[in-house]
Amino acid sequence: MRERFSDIFEEAEQLKHRKEKVLPPLPNVGKYRVVRTRFAPNPDFYIHLGNARPALLSYEYAREYRGVFILRFEDTDPRIKKPLPEAYKAIREDLRWLGISWDEEYVQSMRMELYYRVARELISRGGAYVDLCKRDEFRKFKLERRECPHRFQSPNEALELFDKMLSSYFEEGEAVVRVKTDLASHDPSLIDWVAFRVINTTRYPHPLTGDRYVVWPTYNFAAGVDDRLMGVTHILRGKEHAINTLKQLYVYRALEWEYPEVINLGRLKLEEMILSKSKIKELLKKSGGAVEVDDPRFGTLRSLRRRGISPEVIRDIIMEVGVKGTDATISWENIASLNRKKVDLVAPRVMAVFNPVRIVVRGVPREPSLRSLKLSYHPSNTSLGFRTIDLGVSDDIEVFIGREDLEHLLKDGSIRLMEFCNIALEGGIRELVEVRYVGTDLELVRKEGLKIVQWVPVDSYVKIELIKPENLKLRVLRGVAEESIAEFDVGRILQLMRIGFIKLERRGRDKKSVKAVYIHD
RNA sequence: GCCGCGGUAGUAUAGCCCGGCCAAGUAUGCGGGCCUUUCGAGCCCGUGACCCGGGUUCAAAUCCCGGCCGCGGCACCA
C-alpha cells in the first residue's frame, strides 16, 4: 500500500519536474500519423556527452508525442571507420544508463540487400550511374562543373556495371556509384556524390559480416534510405550534417520520396574534459593499455558514469541546453552543482585524512560515551544509520589529522576533533605532537571559532587511494579513512567530510584498503 | 575562399516566430548574512547580460539592412 503511494508520488514529482522544461513543439507534427525519431550512431567507438544530445532529445520527443524511437547502428565503413565489436553493446548500455529505451533496433550492415535494391531502382530511374573514373579525373570534371563521360550511360548499362561491382569484378577505387545532382552547385562536395564504393573486405573484414559484401553504401545513401524505409518523421542531428540533408534530397527527389523534418543541433563541449573521439583514441593508444575508455578525464558516458555523475543530471543539462543550433560549453561546476544536489541526501559521511600526521591525545576520560563513539552517517537522513568508532581504554589516544589542520592547531593552540572533543596543544612538539583533551563543549568551539577537523584513529584505519582528475592529469592521493568506509559496496557514493564526494571503486579483500574516484566537492 | 547556422551576465539558458506586461526571468559562479560538530547542504540579501552600427515604429532583446565575431561543412568518413 505504502509502496503504491510512494510510486504515485514519485510519478507526480517527475511530471512536475518535466513540466518545468518543456521541449518546443516539433515542426509539422500534424502531417504524420505518428512521430518517429531515431538515434543513429556509428559503432566505431563509445559514445560521449555530445552524442547524448541528439539521442536524448530524439527519445524525449518520441515519448512526448507517444511516437516511436529507433536505434540504428550505422556501420557501413569497414575500412576507415571500422566498427568496434564491443561498441554495439556498449552504446546500448550507455543509452540504457541514460534512461533511454528504444522501440526498434537496426544494424545497417545487416540490411545491405535493401540498399542494393534501392540503388537499382535509383539507377533505373536515371538518378545514379557507375563512375569508372580515377578519383583525380573525376575531381577535375567536378571542379570544371562538367559531366564525366560515365554520366551519359543508359540505366541498363549502369545496372550492368552495378552488377559487375557486386560480383567483385572491380577493385577498390575502380568503380563507384554516383548520385546525379545539380552540376552547377556551389558546393563541390555536393556534386554527384558517391553512394556506393568498393571495399576489399578480404583485407578489411567487417566485424559482423566478414567479407560477404564488397560494395558498401556511404553514409548519405544508407542513412537517407533508412530514414525513409523506417518511416522516420523527424531527424535531430548535429549541425555538421546540414550539408548531408541537401545531398540526400537528390535521392529523395529521384525516387519521389518526401524528406523528413530536420533539426540541426549545435555541439556540446564539456569544460576540462576530452570529448573528441580521435583524441581519446590517440591517448588510449599512446598509453599502451594504461588508460581505459572510462578514464575520468574523458567525456564519454562511461567516464561520466565512472565519475559518479547521475544520468538525471545529464538529462537535465541537455534539456536545459535545449533544441537549437548553438554550441554550448557545459561547465564542470554546473554539472557538479546539480550532481551534488542529487547525491547529497543519500551519501553517507565518513572521515578521511590525506597527508596524515599522528598526534596523541592525553587525558580523555574513560567514559563510555568518549571511548565508543556512535556517529550517524548523515546529519539529516537518519535512514542511512550510524557506525561506531572504538577508541579503546588506554590513557593516550592516537589519531591522524591532516597536515594542514595541524598548522591550525599550532597556530590557534586548540582545535575540535569532529564529533569527538576539543583538544589543546600541550608542551611543545617533540617527536610526536602531544595534545590534551579539554572537553566536548561545542559552545566554546563556536565562541572561539575553533576549526572543526576530521580525524582517523591510528589503531583502526583503512588505507585510501583517491584518484582525482586535475587539469587533464590524474593525481593519486593517498591517505587514511575510518574503518567503516570499507563496509560499503563498490560503486557507492560517499562524502568524505570537508574533502568532497567520492565513488568507491575497489575494496581490498581484507577490508584494509579502498580505492575511490573523486567526484566533486 | 565558398556555403550553412548562430551571437542575452564568468558559464548555460528563458524571452525573439506573434514589438509594449523585459530598467530582462532561472540555474551555476562570485560577495555578504543566517543556520550547521564539513570548506557540504539549506535559507536570505547582493553582484552581473540583450555583439556593433544604422533603419522601421509612439514603442525593438524581439522586425529589416550592413558589419564584426563564433561554430559547422566543403571525403570513395559517419
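On a predicted model such as this, the values are computed, not experimentally measured, just so you know. Letters A, B, ... are given to chains in the order of the sequence lines, protein chains preceding strands, and every chain is numbered from 1. For the numbers below, each heavy atom of this structure counts, side chains included, while hydrogens, waters and symmetry mates do not.
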Closest nucleotide among [options] to the [X] side chain:
X: A:K239; options: B:C71, B:A78, B:C2; value: B:C71
X: A:T326; options: B:G7, B:A78, B:U38; value: B:G7
X: A:D187; options: B:U11, B:G73, B:A78; value: B:G73
X: A:T329; options: B:C74, B:A12, B:A78; value: B:A12
X: A:V176; options: B:G72, B:A12, B:C76; value: B:C76
X: A:R135; options: B:A78, B:C76, B:A12; value: B:C76

Does the structure show a Watson-Crick or G-U wobble partner for [N], both distances under 3.5 Å? Name it, or say none.
N: B:U57; result: none
N: B:C22; result: none
N: B:C5; result: B:G70
N: B:C34; result: B:G42

Does either side chain, that of A:S185 or that of A:D187, offer a donor lying less than 3.5 Å from an acceptor on the other one?
no

Side chains of A:S331 and A:E333: is there a donor and an acceptor less than 3.5 Å apart?
no

State whether the distance check finds a donor on one side and an acceptor on the other, under 3.5 Å, for side chain A:E271 versus base B:U11.
no

Which residue lies toward the 5' end of RNA chain B, A:L442 or A:N42, if each is placed at its nearest nucleotide?
A:L442

Closest-nucleotide mapping onto RNA chain B: is A:R349 or A:D344 further toward the 5' terminus? I mean the 5' end.
A:R349

Salt bridge check, [Y] against [X]: does any charged N sit closer than 4.0 Å to a carboxylate O?
X: A:K285; Y: A:E282; answer: no
X: A:R371; Y: A:D390; answer: no
X: A:K31; Y: A:E261; answer: yes
X: A:R387; Y: A:E483; answer: no
X: A:R267; Y: A:D327; answer: no

Give the rounded distance in Å between these two atoms: [atom1] of [X] and [atom2] of [N].
X: A:N264; N: B:G4; atom1: CG; atom2: C1'; answer: 9 Å
X: A:K324; N: B:A14; atom1: NZ; atom2: C1'; answer: 9 Å
X: A:D327; N: B:G6; atom1: CG; atom2: P; answer: 12 Å
X: A:I317; N: B:A12; atom1: CD1; atom2: P; answer: 12 Å
X: A:I80; N: B:C76; atom1: CD1; atom2: P; answer: 9 Å
X: A:L275; N: B:G72; atom1: CG; atom2: C1'; answer: 16 Å
X: A:R53; N: B:C5; atom1: CZ; atom2: P; answer: 17 Å
X: A:L373; N: B:U37; atom1: CG; atom2: C1'; answer: 12 Å

What are the atom names and distances for every N/O pair under 3.5 Å that joins the protein to nucleotides 24-33 of chain B?
unit_1: B:U28; atom_1: OP1; unit_2: A:K341; atom_2: NZ; d: 2.2

With ring-ring contact (aromatic ring centres under 6.0 Å, His included) as the test, would you mind laying out the steps for A:Y88 and A:F73 before giving the verdict?
CA-CA 8 Å; A:Y88 296 85; A:F73 290 104; 5.2 Å; yes

Using the C1' atom in both, what is the distance from B:A9 to B:G48, to the nearest Å?
5 Å

May I ask you to say what [X] touches in the nucleic acid, namely base, sugar-phosphate or nothing, with a heavy-atom cut-off under 4.0 Å?
X: A:D521; answer: nothing
X: A:Q495; answer: base
X: A:S380; answer: nothing
X: A:V321; answer: sugar-phosphate
X: A:G173; answer: base

Mind listing the closest non-hydrogen atom pair of A:A347 and A:F501 along with its distance?
CB-CE2, 3.7 Å

For B:A78 and A:K247 - does any side-chain N or O of the residue sit under 4.0 Å from the phosphate oxygens OP1/OP2?
no

